[in-house]
2 protein chains.
Amino acid sequence: MVSIKDVASHAGVSVATVSRVLNAKGYVSEDTRKKVEQAIDELNYKPNEVARSLFKKQSKTIGLIVPDITNPYFPELARAVEDTAAKLGYTVILCNSDGKIQKEQHYMDVLMQKYVDGIILSSDTLSDEQIKALHIPVVSIDREISKDIPTIVVENKKGAKLATQFLQQKGRKRIAHIRGPVHIVNANERCEGYQEVVGNEQWFNESYIVNGHFEMDAAIEATIELLQRHPEIDGIFAANDTMAIGAIKAVHKLGKRTPEDIAIIGFDGISLSKATIPELTTIEQPIYTMGEKAAAMLIEFIEEKPIAETFYRLDVQLVERESS
Amino acid sequence: MVSIKDVASHAGVSVATVSRVLNAKGYVSEDTRKKVEQAIDELNYKPNEVARSLFKKQSKTIGLIVPDITNPYFPELARAVEDTAAKLGYTVILCNSDGKIQKEQHYMDVLMQKYVDGIILSSDTLSDEQIKALHIPVVSIDREISKDIPTIVVENKKGAKLATQFLQQKGRKRIAHIRGPVHIVNANERCEGYQEVVGNEQWFNESYIVNGHFEMDAAIEATIELLQRHPEIDGIFAANDTMAIGAIKAVHKLGKRTPEDIAIIGFDGISLSKATIPELTTIEQPIYTMGEKAAAMLIEFIEEKPIAETFYRLDVQLVERESS
DNA sequence: TTGAAAGCGTTACCAG
DNA sequence: CTGGTAACGCTTTCAA
């Protein structure tokens, strides 16, 4: 690899001068600047980012820690983060934590050792203090960890209410809910939203809520059980699209039809929701926008630019398709 | 951040000694080793990887360049790569090229500047020479670029034949093919496999092949057109699962049934294929294994370990589900 | 306007 | 067995 020294000697100047033109910083006469630029071109010189990082103590790299890139929600998020990071001159290191705290901790250590400039994090387990102890910018996405940490989430409760009310408007009388894991804030908020809408109906009781663990197979089983217990159910709100698809499959398995017998609505708006038959009605999150905003905000922190907002609760949108 | 100097003074030894115990290299007496280890513990010291990289000219980081992480084939691949990289002490930088050569080139430059130790690449446009000019290990995945570059691909033609023959075994008489983009090797090989099976049938002609560009929407249109031209078609082999799902939707739209009227089979085995109704019969690629092998092989190259094979054409497997 | 040199945190060589 | 020190490639301060 050609280094700054090579450029310097090729141009007949010192490395300091080359550095100055590289960074457009400090005085350089027009003449020597031209000479240097020519040398750079001729040698096809590219500055060594590692050496730069060492000196500057930052790396133009950010970490992205997600539970599992294989979970259909995250590819779009990752894409958004990477797109905007790239646009702003940053590179992104991808980490899959499986939601396990040891993995998260491990990745944080590794990322710190590599001098990453900041981290975008989707974690339910990491604490406020652990994150602050890093002493680098962190933004939390799709999870609320603390009011002190810049955060991007969506209107979970509102979306859940929207979903449930929509089912009511469609004339559904017995609406069940497939919830996500207990202790997960998103799951709880969506469940609360559902309960706010149907909690006071006289037919309602807790047995209309089952746990599908945000997974398709678990949701299939949960739905089958649910429908056997309550054959009168004519609408289901699932707390994410993956489970909603599980519900569709379960309904199908039991020989009933979606949406004729049982209307189903999901949450997230992953691309999968357009690929099923019937296509899934869902509460769509602005996933790409979330990733975009997270990356942009993180980089504003890194570059110490003025920051308008540090907490975004983005709006969601009902997308009506065929399943309800 | 605490540095090796802090550890050294805290332990009352020189930095050289600390470095020796850190790397378990060179002589260190049991006694001083203990002292140093204690100092490391007490200060919670973690070596600075950037400084290491600068000296060693390698970064324990690999680049992963894919067209688009949002394409359902790649998350699983990325996960496999990241898992095995992490296991071996490496970190992965994710890059989305959109298959555009300028983006690919740009990322290669950036990655080189960051001293990545190697790159896993899924590209149809980059040439042999461009890759060799990097002078770092590269493995090509899901694409054959050159015999000189370590490569991991699958039995495309064999899989395509398997798919087409399977449809025949199911008693289908007029089998059409939705192919991927021209110029894409994978698409061509799969198309060839199809033609080898039905090319000699007397009914066959080129109009039974349409191009779905590996995309769902394009495949829907292509299928509708196809079925209007050839209402006698009773089986469709789509060159990837995304298009196969498009085909299912098109068939549905035309008021026909899958598989009763038209049997459909896909290719890839993405997780989506289990989520549709009906579930998709497909030729499954060992995606996770491919990513695993790619990462493991790349790292063997990086660490100059002996390498058994440098070209893998992995087998595919027919997974029969409901769509045929 | 330019250059010399220190320093970023490591590793590895050479003495002792 | 241990320590001093040059070197990795760059940026920035200080002098000239």
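Throughout, a chain's letter reflects where its sequence line sits, starting with A, and its residues are numbered from 1.
Both V2(A) and R33(B) lie near DNA chain D, and the one whose nearest nucleotide falls closer to the 5' end is R33(B). If you find the closest nucleotide of DNA chain D to E30(B) and to F55(B), the one lying nearer the 5' end belongs to E30(B).
For R20(A), there are no side-chain hydrogen bond (donor to acceptor under 3.5 Å, both in side chains) partners two or more places apart in sequence or in a different chain. Take K35(A) and apply the salt bridge (Lys or Arg N to Asp or Glu O under 4.0 Å) test, not counting sequence neighbours, and it matches no residue. Not counting sequence neighbours, the partners of R52(B) by the side-chain hydrogen bond (donor to acceptor under 3.5 Å, both in side chains) test are E49(B). Remark: Y312(A) pairs with no residue by the side-chain hydrogen bond (donor to acceptor under 3.5 Å, both in side chains) rule, at least two apart or across chains. Every residue two or more places apart in sequence or in another chain that forms a side-chain hydrogen bond (donor to acceptor under 3.5 Å, both in side chains) with D128(A) is listed here: K132(A), S146(A). Take E189(A) and apply the salt bridge (Lys or Arg N to Asp or Glu O under 4.0 Å) test, not counting sequence neighbours, and it matches no residue.
Two residues are said to be in side-chain contact when any heavy atoms from C-beta on lie closer than 4.5 Å; P47(B) and Q113(A) meet this criterion. Residues I101(A) and L126(A) are in side-chain contact: their nearest non-hydrogen atoms beyond the backbone lie under 4.5 Å apart. In this structure, the side chains of F214(A) and I184(A) come closer than 4.5 Å at one or more pairs of heavy atoms.
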(message) Between E144(B) and R313(B), does the salt bridge (Lys or Arg N to Asp or Glu O under 4.0 Å) criterion hold? Intermediate values first, please.
(response) CA-CA 10 Å; E144(B) 281 177 74; R313(B) 186 181 293 284; 3.0 Å; yes
Side chains of residues 298-311 of chain B: which donor-acceptor partners sit under 3.5 Å, not counting sequence neighbours?
residue: E303(B); atom: OE1; partner: K305(B); partner atom: NZ; Å: 2.9
residue: E303(B); atom: OE2; partner: Y90(B); partner atom: OH; Å: 2.9

Name every donor-acceptor pair, under 3.5 Å, that has one atom in a side chain of residues 61-70 of chain B and the other anywhere in the protein, sequence neighbours excluded.
residue: T61(B); atom: OG1; partner: K114(A); partner atom: NZ; Å: 2.9
residue: T61(B); atom: OG1; partner: S59(B); partner atom: O; Å: 3.0
residue: D68(B); atom: OD1; partner: R79(A); partner atom: NH1; Å: 3.0
residue: D68(B); atom: OD1; partner: T70(B); partner atom: N; Å: 2.9

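In this structure, V50(A) reaches neither bases nor backbone, as no heavy-atom distance under 4.0 Å exists between it and the strands shown. Nucleic acid contact for S53(A): none, since no nucleic acid atom lies under 4.0 Å from a heavy atom of the residue.
Contact footprint of chain B on DNA chain D: nucleotides with an atom under 4.0 Å from a non-hydrogen protein atom, first to last in 5' to 3' order, dC1(D) to dG9(D). The span of DNA chain C lying next to chain A, judged by atoms under 4.0 Å from heavy atoms, is bounded 5' to 3' by dT1(C) to dG9(C).
For the residue pair D83(B)/N96(A), the side-chain donor-acceptor check at 3.5 Å is not satisfied.
Taken over five-pair windows at either terminus, the axes of the helix from dT1(C)-dA16(D) to dG16(C)-dC1(D) are inclined to one another by 50° (rounded to 10 degrees).
Remark: V13(A), S14(A), A16(A), T17(A), R20(A) in residues 13-25 of chain A come within less than 4.0 Å of DNA chain C through at least one heavy atom.
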